[in-house]
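Shown next, in structure tokens, is the structure this report addresses.
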Amino acid sequence: QLLKKEKKEIQEDLYSSNVVQRFIQGADSAYYLKIGNVYHAVNNNRSLQNVLKDHKKELKKFIRTQQLSMRKQREITLIKVTAWYDSLTH
């Protein structure tokens, strides 16, 4: 199970009697992979490989053949890798 924790920032500007609030989206996102009853932080390739170390070689091959990138498309990569890993373990 893949979980995403998103942090958003609110910026308030005070003008005479008006308060203007602006949301800054995409300020920070953290991803967690639940294996068993434990949540593991996965925010880069190394942490993903450490969490899924029982299938490390297959994981590297899957990422390479699917042309996935944690730097460019982190969320899409994690979704596809999670689905692939679930198909292996279930």
Side-chain angles (χ1 to χ4, degrees):
Q1 184 178 15
L2 180 67
L3 302 167
K4 178 180 180 181
K5 182 179 181 183
E6 209 169 83
K7 187 190 288 185
K8 295 182 182 181
E9 295 180 13
I10 300 172
Q11 180 181 359
E12 291 183 351
D13 295 329
L14 301 174
Y15 298 108
S16 51
S17 64
N18 297 335
V19 176
V20 178
Q21 291 185 343
R22 286 181 272 174
F23 289 95
I24 302 171
Q25 293 204 335
D28 194 17
S29 296
Y31 296 90
Y32 298 91
L33 194 57
K34 183 180 179 187
I35 298 178
N37 291 326
V38 181
Y39 293 93
H40 303 274
V42 287
N43 292 309
N44 56 36
N45 267 335
R46 179 171 283 171
S47 62
L48 182 62
Q49 290 174 9
N50 287 338
V51 171
L52 304 179
K53 60 185 164 211
D54 54 337
H55 294 285
K56 190 173 183 176
K57 283 186 179 181
E58 295 95 333
L59 173 64
K60 285 182 178 181
K61 184 176 180 182
F62 177 76
I63 290 174
R64 188 173 50 251
T65 58
Q66 296 294 314
Q67 297 177 346
L68 301 172
S69 172
M70 286 288 284
R71 289 184 183 175
K72 295 178 184 175
Q73 300 175 328
R74 181 179 300 168
E75 188 167 347
I76 293 169
T77 298
L78 288 172
I79 290 169
K80 288 184 177 183
V81 166
T82 303
W84 168 80
Y85 185 76
D86 284 344
S87 71
L88 287 179
T89 57
H90 292 100

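These numbers come from the heavy atoms of this one structure, side chains and all, not from hydrogens, waters or symmetry mates.
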Checklist entry - Which atoms form the tightest heavy-atom contact between R74 and S29, and what is the distance? => result NH1-O, 4.5 Å
Item to check | Between CD1 on residue I35 and NE2 on residue H40, distance to nearest 0.5 Å | outcome: 5.0 Å
Item to check | side-chain contact (heavy atoms from CB on, under 4.5 Å) against R46, all qualifying residues, sequence neighbours excluded | outcome: N44, N50
Item to check | Separation of T77 OG1 from R71 CZ (nearest 0.5 Å) | outcome: 12.0 Å
Checklist entry - In terms of hydrophobic clustering (I, L, V, M, F, W, Y; side-chain heavy atoms under 4.5 Å; direct or indirect links), are M70 and L3 co-clustered? => result no
Checklist outcome for this item: When every non-hydrogen atom of V42 is compared with those of S47, the smallest separation belongs to CA-OG, 3.4 Å
Checklist entry - Mind checking what makes side-chain contact (heavy atoms from CB on, under 4.5 Å) contact with T82, not counting sequence neighbours? => result L2, L33, D86
Checklist entry - Taking a hydrophobic cluster as the set of Ile, Leu, Val, Met, Phe, Trp and Tyr residues connected by side-chain heavy atoms closer than 4.5 Å, whether directly or through intermediates, do Y31 and I79 fall within one such cluster? => result yes
Going by atom type alone, with no hydrogens or angles, which donor-acceptor pairs under 3.5 Å involve a side-chain atom of residues 53-67 and a protein atom two or more places apart or on another chain?
from	atom 1	to	atom 2	distance (Å)
D54	OD2	Y85	OH	3.2
T65	OG1	K61	O	3.0
T65	OG1	F62	O	3.1

Next on the checklist: For residues V51 and I76: do they belong to one hydrophobic cluster (side chain heavy atoms under 4.5 Å, members Ile, Leu, Val, Met, Phe, Trp, Tyr)?
Outcome noted: no
